Amino acid sequence: MSLGTAVVTGASSGIGMATARRLSAEGFEVVVGARREQRLNALADELGARAIRLDVTDPASVQRFCAAVPDCRVVVNAAGGAIGRDRVEDSTDDDWLWMYETNVIGALRMTRALLPALEATGDGHVVMVGSIAGYEPYVGGGGYNAAKFAVRAMTKVLRMELLGRPIRVTEIAPGLVKTEFSVVRFRGDEHAAEAVYEGLTPLTAEDVAECIAFAVTRPSHVNIDTLVVLARDQSGAATVHRR
Ligand SMILES: NC(=O)c1ccc[n+]([C@@H]2O[C@H](COP(=O)([O-])OP(=O)(O)OC[C@H]3O[C@@H](n4cnc5c(N)ncnc54)[C@H](OP(=O)(O)O)[C@@H]3O)[C@@H](O)[C@H]2O)c1
């Protein structure tokens with residue numbers, strides 16, 4: 001039996017891709033979005049899902065995507081990431097804007113556009129992929145911290161504003177997850193990206209997908225508000241154990 005339609009953004013890689021796979025296995029009809037269409041189409045073929053190109057920083061793209069999904073029970077806002085590890089004094093407007101537009105405004109746009117469809121199902125669910133960076137600042141994290149703190153604030157406000165309506169709101173906030181996240185953050189420098197996970201066992205994208213699947217498969221009166229999930233080798237945003 002179908003559990004309804006689940007939209008997953010950022011599904012061309014990492015947490016979004018693992019979540020699309022997991023929700024498809026759970027019985028959702030999955031619609032995947034991201035900018036890299038080849039990857040999306042391969043995933044859609046694998047899952048029997050629908051792929052629609054999506055750039056969450058482009059209002060017209062979001063509008064086109066959401067208009068193609070008139071029935072939507074779950075949206076997982078996984079599109080996002082970080083650029084750079086610069087100190088605030090050395091950071092650039094462009095990097096901060098990228099992070100804010102993708103993580104914050106992108107998730108806002110998608111959620112706002114899909115809310116009527118989510119509500120119409122009588123059991124809608126908004127999942128935001130936040131981060132431990134939205135809870136704990138760290139040196140060199142300024143722009144990403146600001147963006148993920150904003151995601152957390154928006155998620156809490158949304159939860160309050162939707163109280164009494166049939167839409168659940170969940171923030172999943174992971175720590176270190178080995179995906180393409182660090183390659184993007186270090187602008188393609190694979191060496192710098194590898195060093196982030198050196199000597200420790202990070203979370204996998206599947207670990208996070210499992211948390212998301214747990215949240216969206218609870219009975220409809222149960223709202224998992226926040227789930228912070230870290231590797232055993234990480235006790236805080238900047239506190240890790242390396243062997
Ligand atoms: N990995 C971690 O350690 C970690 C920890 C905490 C939170 N997170 C969060 O988890 C989420 C997923 O990250 P990840 O670790 O899976 O990284 P990832 O492997 O780099 O995946 C990021 C995804 O976001 C998509 N994306 C980026 N910009 C987009 C845009 N403008 N429009 C649509 N899609 C866009 C990318 O697809 P395209 O490039 O094809 O568009 C890709 O599918 C992000 O919000 C990230 O901040 C990650």
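This one's a predicted model, so the numbers in the text were calculated from it and none came from an experiment.
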Say whether, by atom type as modelled, one donor and one acceptor occur between the side chain of N103 and the main chain of A147 under 3.5 angstrom.
-> no

Is the count of non-hydrogen atoms from other residues, nucleotides or ligands lying under 6.0 Å from F149 atom CZ greater than 12?
-> yes

Is it the case that one hydrophobic cluster holds both V127 and M154, taking links as side-chain heavy atoms less than 4.5 Å apart, direct or via other members?
-> no

In terms of hydrophobic clusters joined by side-chain contacts under 4.5 Å, are V126 and V7 together?
-> yes

Check: V177 and T204 side chains under 4.5 Å, non-hydrogen atoms | no

Take R109 and Q63 through the test side chain to side chain contact (heavy atoms under 4.5 Å, CB included) and record every step on the way to the result.
-> CA-CA 9 Å; R109 270 193 197 109; Q63 201 191 10; over 6 Å; no

Between I224 and M128, is there a shared hydrophobic cluster once you connect ILVMFWY residues whose side-chain heavy atoms come closer than 4.5 Å?
-> no

Take atom CZ in R87; do more than 12 heavy atoms of anything else shown fall under 6.0 Å from it?
-> no

Going through the checks in order, is the side chain to side chain contact (heavy atoms under 4.5 Å, CB included) test met by T155 and V169?
-> CA-CA 7 Å; T155 309; V169 182; 3.5 Å; yes

Applying the 4.5 Å side-chain criterion to the ILVMFWY set and letting contacts propagate, would Y197 and L203 be lumped into a single cluster?
-> no

Looking only at heavy atoms, what is the nearest atom pair of V76 and V74, with distance?
-> CG2-CG1, 4.0 Å

For N77 and T111, test the side chains for any donor-to-acceptor distance below 3.5 angstrom and give the result as yes or no.
-> yes

Below 4.5 Å, heavy atoms only, C-beta onward: do V31 and T5 meet side chain to side chain?
-> yes

Considering non-hydrogen atoms only, spot the tightest contact between A205 and T179 and give its length.
-> CB-CG2, 4.1 Å

Would a distance-only check, ignoring hydrogens and angles, find a side-chain to backbone donor-acceptor pair under 3.5 Å from R36 to S13?
-> no

Residues R39, N41; criterion side chain to side chain contact (heavy atoms under 4.5 Å, CB included); working and verdict = CA-CA 5 Å; R39 285 178 176 220; N41 290 334; over 6 Å; no

Verify, without hydrogens or angle tests, whether D71 (side chain) and A117 (backbone) share a donor-acceptor contact under 3.5 angstrom.
-> no

For residues T170 and T226, determine if any side-chain heavy atom of one lies less than 4.5 Å from a side-chain heavy atom of the other.
-> no

Shortest non-hydrogen contact from A11 toward A34 = N-CB, 4.1 Å

Is the closest basic N to carboxylate O distance between R243 and E198 below 4.0 Å?
-> no

Is there a donor-acceptor contact under 3.5 Å from the side chain of E26 to the main chain of F28?
-> no

NZ or CZ of R152 within 45° of Y135 ring axis and under 6.0 Å = yes

Sequence neighbours excluded, which residues qualify as ring pair (Phe, Tyr, Trp, His ring centres under 6.0 Å) partners of F181?
-> Y144

Would you call R21 and E46 a salt bridge, using N to O less than 4.0 angstrom?
-> yes

Go through the steps to decide whether R165 and E119 satisfy the test salt bridge (charged side-chain N to carboxylate O under 4.0 Å, His left out), and finish with yes or no.
-> CA-CA 7 Å; R165 288 158 64 184; E119 185 160 23; 2.9 Å; yes

Pairing residues for D55 by the side-chain hydrogen bond (donor to acceptor under 3.5 Å, both in side chains) criterion, not counting sequence neighbours | T57

Does D233 come within less than 4.0 Å of R242, counting only side-chain N to carboxylate O?
-> no

Non-hydrogen atoms of P174 and L230 that approach each other most closely | C-CD2, 4.4 Å

For the pair V69 and F65, evaluate side chain to side chain contact (heavy atoms under 4.5 Å, CB included) and give the outcome as yes or no after the intermediate values.
-> CA-CA 7 Å; V69 195; F65 184 100; 4.0 Å; yes

Are any non-hydrogen side-chain atoms of E190 and V183 less than 4.5 angstrom apart?
-> yes

Heavy atoms only: give me the nearest T9-A79 pair and the separation to one decimal.
-> OG1-N, 3.0 Å

Of all heavy-atom pairs linking A20 and V30, the shortest is O-CG2, 3.8 Å

Should L40 and V129 be counted in the same cluster of Ile, Leu, Val, Met, Phe, Trp and Tyr side chains packed under 4.5 Å apart?
-> yes

Salt bridge flag under 4.0 Å for residues E180 and R187 | no

Can you tell me if CG on D45 sees more than 12 non-hydrogen neighbours from other groups inside 6.0 Å?
-> yes

